[in-house]
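Each remark here refers to the structure printed beneath this line.
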Amino acid sequence: MRPLTRRQLLATGVVGAGAAATGGAGLWWVTADRPGRGSNDVLTEPEVLASRGGVLETELRTAPARVRIGDREASVHAFNSSLPGPTLRVSPGDTMRIRMTNALDAPTNLHVHGLHVSPRGKSDNPFRSIAPGESADYEIAVPENHPPGTYWYHPHHHGNVADQVAAGLYGAIIVEDPAPLPVTRERILVVSDVSLDEDGNLAGPGGMMQQMMGREGDLVLVNGQVRPQINAAPGERERWRIVNACPSRYLRLSLQGQDVRLLSRDLGRLPTPEKVTETVLAPGNRVELVIDTRAGSTPLVATPVDRGGMGGMMGSDVLGGEDPFDLLLLEVTGGPVEAPAAIPEGPAPRDLREERVEGRRTLDFGMGMERGGPMMGGSNRSMMAFTINGETFDGKRTDTAVAAGTVEEWTLTNSSPMDHPVHLHVWPMQVIEEGQEQVTDPRWQDVVNVPASGSVKVLIAFDDFTGRTVYHCHILDHEDLGMMGTVATG
Ligand code: C2O
Ligand code: CU
Ligand code: CU
């Protein structure tokens, strides 16, 4: 038994108390959220698009869509009219051929978050732009040795990312295990949040302050549903693949009274699943949980996470709400079934501490005052700039040049009073130090939370691909406001 320590939790997110969590309590929702509302809706999952003969050939269309949320109609933006978009399932070695069509009124593109694939050309290229009304073809080759796990896709057009993800544009990607694990069933659980007005229309970010804090929608959804129900029998083993697709909301999840083990965070899997009592996901993070079910009714509870604030720089913090809320209900009833076989041990993860480090650099994630700026509308009013090493994003500038094939040590520091979940495309990061504390096990993630005024040290192996891509804060408003840099490997 090894519950996650507070320190370990800081890796996939952050722990504390105080930030907003008003899930299921939005204005629009109030009428439908009457007390005594009978049974919850049974969890549904998005359509699965799986590769065949080594190829996943499909279309993804971003467009306004009418969807049902609870017992109300809502107008959102969605991939293929589905909230979340379809789940893409591929095996290592497969190629994804995706025709993406943009039926929105703003430019967009496609990013496959967490996949270790080429950033060039028609692959995972965050610099592409698909104009309204246009289509673009993607061809993404997943390497033979790609780690299994739960990944996701979402638009990545700088300046529109938070809006488009908040509007409903996200979907899961699953890279299959080398051999199936002994579980009764698996589920994909895409967690998102959204704000809707009384008519069920998208409510928008709600002002500059909300964008600076990172917008949190007031309705928290699982697979587009409000508090769905999962049914199982005692003794079954569930594998939950959870994606935090919220633009800014951190999720601290617990399933009290159930036997929960952590199988995976972000990519690959842990050699041995670890018992956990809670797990924290920063925006962009995924976890896979294995639950050996016990009879009873257990809510999956999300507890508020303190992710700092504006530190008095712009008046008081705007994120309110301190109450935990239920994301879903696990209903375990019936006669016990025979327990599945033990989960076989997985391969030992690579440990970059045993390899030669050829470059060291520090990236500081900061906030400062800037004159003017489009968000404030005025030319001489000051606003908050979101920077990396003092600079806001410029896609034409190369901020970090790395020699292909080398291992680098990056010290990620945070000089601001707010947490920043730092994400690097293409190459995952091995977390080796959090603040003053060493991380003992090889811990791999693609989004690493850097706490307010804190620092985290990671090692990165720039293997397999050359080209340019980005790193950024995964509070998507921060990314859109400039907290993104470019890295060129060659
Ligand atoms: Cu999930 Cu650059 O993004
Ligand atoms: Cu990404
Ligand atoms: Cu940030």
Side-chain angles (χ1 to χ4, degrees), residues 13-14 19 84 108-119 123-128 140 149-162 164-166 169-173 190 192 210-216 243-250 266-267 281-286 305 307-311 319 363-368 384-388 392-393 395 412-429 445-454 456 468-487:
V14 73
T108 192
N109 64 16
L110 181 68
H111 169 51
V112 284
H113 179 126
L115 289 192
H116 179 59
V117 295
S118 170
S123 187
D124 187 26
N125 179 349
F127 303 106
R128 281 182 101 177
I140 299 163
T150 306
Y151 304 90
W152 63 300
Y153 60 93
H154 60 82
H156 214 290
H157 189 278
H158 179 63
N160 306 89
V161 184
Q164 294 181 358
V165 172
L169 294 166
Y170 38 77
I173 302 174
V190 180
S192 62
Q210 272 69 20
Q211 280 170 278
M212 290 194 292
M213 292 294 294
R215 73 186 79 180
E216 296 194 5
V243 179
N244 185 0
C246 300
S248 314
R249 183 186 295 273
Y250 287 60
D266 285 357
L267 61 135
L281 292 88
N285 279 138
R286 290 86 59 211
V305 171
R307 56 184 180 89
M310 303 294 286
L319 296 174
L363 269 54
D364 181 61
F365 292 74
M367 288 154 60
M384 200 61 74
F386 287 80
T387 61
I388 302 174
T392 55
F393 179 67
L412 310 171
T413 62
N414 183 343
S415 57
S416 80
M418 219 177 177
D419 289 18
H420 300 293
V422 174
H423 173 50
L424 169 66
H425 286 204
V426 182
W427 297 280
M429 300 172 272
Q445 289 170 221
D446 55 54
V447 178
V448 173
N449 189 60
V450 185
S453 307
V456 174
R468 284 174 92 238
T469 190
V470 293
Y471 46 83
H472 59 89
C473 176
H474 218 287
I475 289 179
L476 297 175
D477 284 300
H478 293 177
E479 184 264 289
D480 282 334
L481 290 170
M483 196 175 261
M484 178 152 74
T486 59
V487 53

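For this chain, numbers begin at 1 and follow the sequence in order. When a ligand or atom number is given, it counts from 1 through the structure's own listing order.
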For atom 1 (Cu) of ligand 1, decide whether [X] has an N, O or S atom at a distance under 2.8 Å.
X: His113; answer: yes
X: His111; answer: no
X: His423; answer: no

*Any side-chain donor-acceptor pair under 3.5 Å between His472 and His156?*
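His472 vs His156: donor-acceptor pair found between side chains.
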_Distance-only donor-acceptor check, side chains Glu479 and His158, under 3.5 Å_ =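 The criterion, which ignores hydrogens and geometry beyond distance, is satisfied for His158 and Glu479.
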*asked:* Taking the ring centre of each residue, are Trp152 and His423 less than 6.0 Å apart?
replied: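 Ring centroids of Trp152 and His423 are no less than 6.0 Å from each other.
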*Got Ser453 and Ser415 here, is their nearest side-chain heavy-atom distance under 4.5 Å?*
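The answer is no, as the side chains (C-beta and beyond) never meet within the 4.5 Å cut-off.
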*Kindly indicate whether the side chain of Tyr250, heavy atoms from C-beta on, has any atom under 4.5 Å from the side chain of Asp419.*
yes
*Identify the residue among His425, His111, His154 that makes a ring pair (Phe, Tyr, Trp, His ring centres under 6.0 Å) with His474.*
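Passing option: His154.
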*Is it true that some N/O/S atom of His474, main chain or side chain, lies under 2.8 Å from the Cu ion (ligand 2)?*
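It does not; every qualifying atom lies at 2.8 Å or beyond.
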*Look at the N, O or S atoms of His111, main chain and side chain alike, and state whether any lies under 2.8 Å from the Cu ion (ligand 2).*
yes
*Name of whichever N/O/S atom of His154 is nearest to atom 1 (Cu) of ligand 1*: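 Of all N, O or S atoms belonging to His154, NE2 is the one nearest atom 1 (Cu) of ligand 1.
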*Please determine if atom 2 (Cu) of ligand 1 has an N/O/S atom from His474 lying under 2.8 Å away.*
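No, since none of the N, O or S atoms of His474 sits under 2.8 Å from atom 2 (Cu) of ligand 1.
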*Rounded to 10°, how many degrees is the angle NE2/His156-atom 2 (Cu) of ligand 1-NE2/His472?*
100°
